[in-house]
Amino acid sequence: MSINIGKYHAEGPFSNQNLLQARSGVYVILGRKNSTSNWTVVDVGESQNVQERVSSHDRSPCWRGQGHSELAVAAIYKDERERMQIERELRQHFAPPCGVY
């Protein structure tokens, strides 16, 4: 399964975070009102271990508080240098409601 987020190809979206890999990359939290609506970007972040970060994230209450009936996560697996750049680009492009610096 894959999805394009901005100009990047991501794995997902996954409703089960256990399907994420324990690898370095960018995670994108997505939400939608129902199964026929488009995904919107709720949050963007980066981590050395995407699976671990998403599963224990301190911003998860914000994700759930955005009024979406469905949440999922997509991942772009990259090394540290690339993941930080991609996170900045996606945050600027989508201005997600959770995780504002």
Side-chain angles (χ1 to χ4, degrees):
M1 193 171 357
S2 65
I3 187 172
N4 288 327
I5 300 175
K7 66 181 183 181
Y8 298 97
H9 182 76
E11 293 185 24
F14 302 114
S15 57
N16 181 343
Q17 61 204 19
N18 292 327
L19 296 174
L20 294 168
Q21 297 179 35
R23 290 178 48 201
S24 172
V26 175
Y27 57 87
V28 182
I29 305 302
L30 303 166
R32 63 183 176 180
K33 300 295 180 193
N34 58 57
S35 62
T36 60
S37 59
N38 292 328
W39 292 106
T40 60
V41 175
V42 175
D43 197 0
V44 176
E46 58 83 21
S47 178
Q48 180 64 34
N49 183 329
V50 169
Q51 183 187 52
E52 182 179 285
R53 179 66 173 134
V54 171
S55 67
S56 62
H57 210 294
D58 57 325
R59 291 195 301 262
S60 63
C62 182
W63 305 341
R64 291 188 302 275
Q66 297 303 306
H68 299 287
S69 65
E70 188 177 351
L71 289 172
V73 60
I76 304 164
Y77 298 107
K78 297 289 183 182
D79 65 26
E80 182 177 8
R81 183 184 57 78
E82 288 180 288
R83 75 178 196 242
M84 293 177 139
Q85 176 61 36
I86 293 168
E87 178 198 34
R88 280 191 298 274
E89 285 179 31
L90 293 178
R91 283 183 171 277
Q92 288 175 346
H93 181 78
F94 290 104
C98 296
V100 178
Y101 288 107

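Everything numeric in this text was worked out from a predicted model, so none of it was measured. What you see below is based on every heavy atom in this structure, not just the backbone, and it leaves out hydrogens, waters and symmetry mates.
- Note on Met1 and Val50: same hydrophobic cluster, where clusters join Ile, Leu, Val, Met, Phe, Trp and Tyr whose side-chain heavy atoms are under 4.5 Å apart, directly or indirectly.
- The salt bridge (charged side-chain N to carboxylate O under 4.0 Å, His left out) contacts involving residues 28-42 comprise Arg32-Glu70, where partners must be two or more places apart or lie in separate chains.
- Listed by first then second residue, pairs satisfying disulfide (SG to SG under 2.5 Å) with a partner in residues 4-44 number zero, not counting sequence neighbours.
- Applying the side chain to side chain donor-acceptor pair (under 3.5 Å) criterion to Tyr8, with sequence neighbours excluded, gives Glu89.
- The side chain to side chain donor-acceptor pair (under 3.5 Å) test applied to Ser60 returns Arg64, not counting sequence neighbours.
- Take Trp63 and apply the ring pair (Phe, Tyr, Trp, His ring centres under 6.0 Å) test, not counting sequence neighbours, and it matches His57.
- Contact check for Val28 versus Asp43: no side-chain heavy atoms found under the 4.5 Å cut-off.
- Under the 4.5 Å side-chain heavy-atom criterion for grouping Ile, Leu, Val, Met, Phe, Trp and Tyr, Ile76 is connected to Leu30 within one hydrophobic cluster.
- With rounding to the nearest 0.5 Å, the separation of CD in Glu82 from CD in Glu46 is 12.5 Å.
- Between the side chain of Thr40 and the main chain of Gly31, a donor-acceptor pair closer than 3.5 Å is present.
- One finds the CZ atom of Arg53 at 4.5 Å from the OH atom of Tyr27 (value rounded to the nearest 0.5 Å).
- Screening residues 35-55 for ring-ring contact (aromatic ring centres under 6.0 Å, His included), with sequence neighbours left out, gives no hits.
- Within the structure, the ring-ring contact (aromatic ring centres under 6.0 Å, His included) test picks out no pair touching residues 71-98 (sequence neighbours left out).
- The stretch residues 4-54 participates, sequence neighbours left out, in no disulfide (SG to SG under 2.5 Å) pair at all.
- With sequence neighbours excluded, the residues that form a side chain to side chain donor-acceptor pair (under 3.5 Å) with Asn34 are Thr36.
- Contact of the Val44 side chain with the Pro96 side chain is registered, since non-hydrogen atoms from C-beta on lie closer than 4.5 Å.
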Pairs under 3.5 angstrom only: tabulate donor-acceptor contacts from the side chains of residues 17-26 to other protein residues two or more places apart or in another chain.
unit_1, atom_1, unit_2, atom_2, d
Asn18, ND2, Asn16, OD1, 3.4
Gln21, OE1, Arg23, NH1, 2.9
Gln21, NE2, Glu11, OE1, 3.4
Ser24, OG, Lys78, O, 2.6
Ser24, OG, Arg83, NH1, 2.8

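- Ser55 contributes atom OG, which lies 8.0 Å from atom CG of Asn49 (distance to the nearest 0.5 angstrom).
- Closest of all the heavy-atom pairs between Cys62 and Pro97 is SG-O, 4.2 Å.
- Atom-to-atom distance recorded for Leu90:CG and Gln92:CD is 9.5 Å, nearest 0.5 angstrom.
- With hydrophobic clusters built from ILVMFWY side chains whose heavy atoms lie under 4.5 angstrom apart, Ile3 does not share a cluster with Ile29.
- Under a 3.5 Å cut-off, the side chain of Gln85 and the backbone N or O of Arg81 do not form any donor-acceptor pair.
- Hydrophobic clustering keeps Val54 apart from Ile5 (ILVMFWY residues linked when any side-chain heavy atoms are closer than 4.5 Å, directly or through intermediates).
- For Ser56, the side chain to side chain donor-acceptor pair (under 3.5 Å) test picks out no residue, with sequence neighbours left out.
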inquiry  = One pair to check against side-chain contact (heavy atoms from CB on, under 4.5 Å): Ser47 and Glu52. What are the steps and the verdict?
reply    = CA-CA 9 Å; Ser47 178; Glu52 182 179 285; over 6 Å; no
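- In this view, His9 and Ser2, Asn4 satisfy the side-chain contact (heavy atoms from CB on, under 4.5 Å) rule, not counting sequence neighbours.
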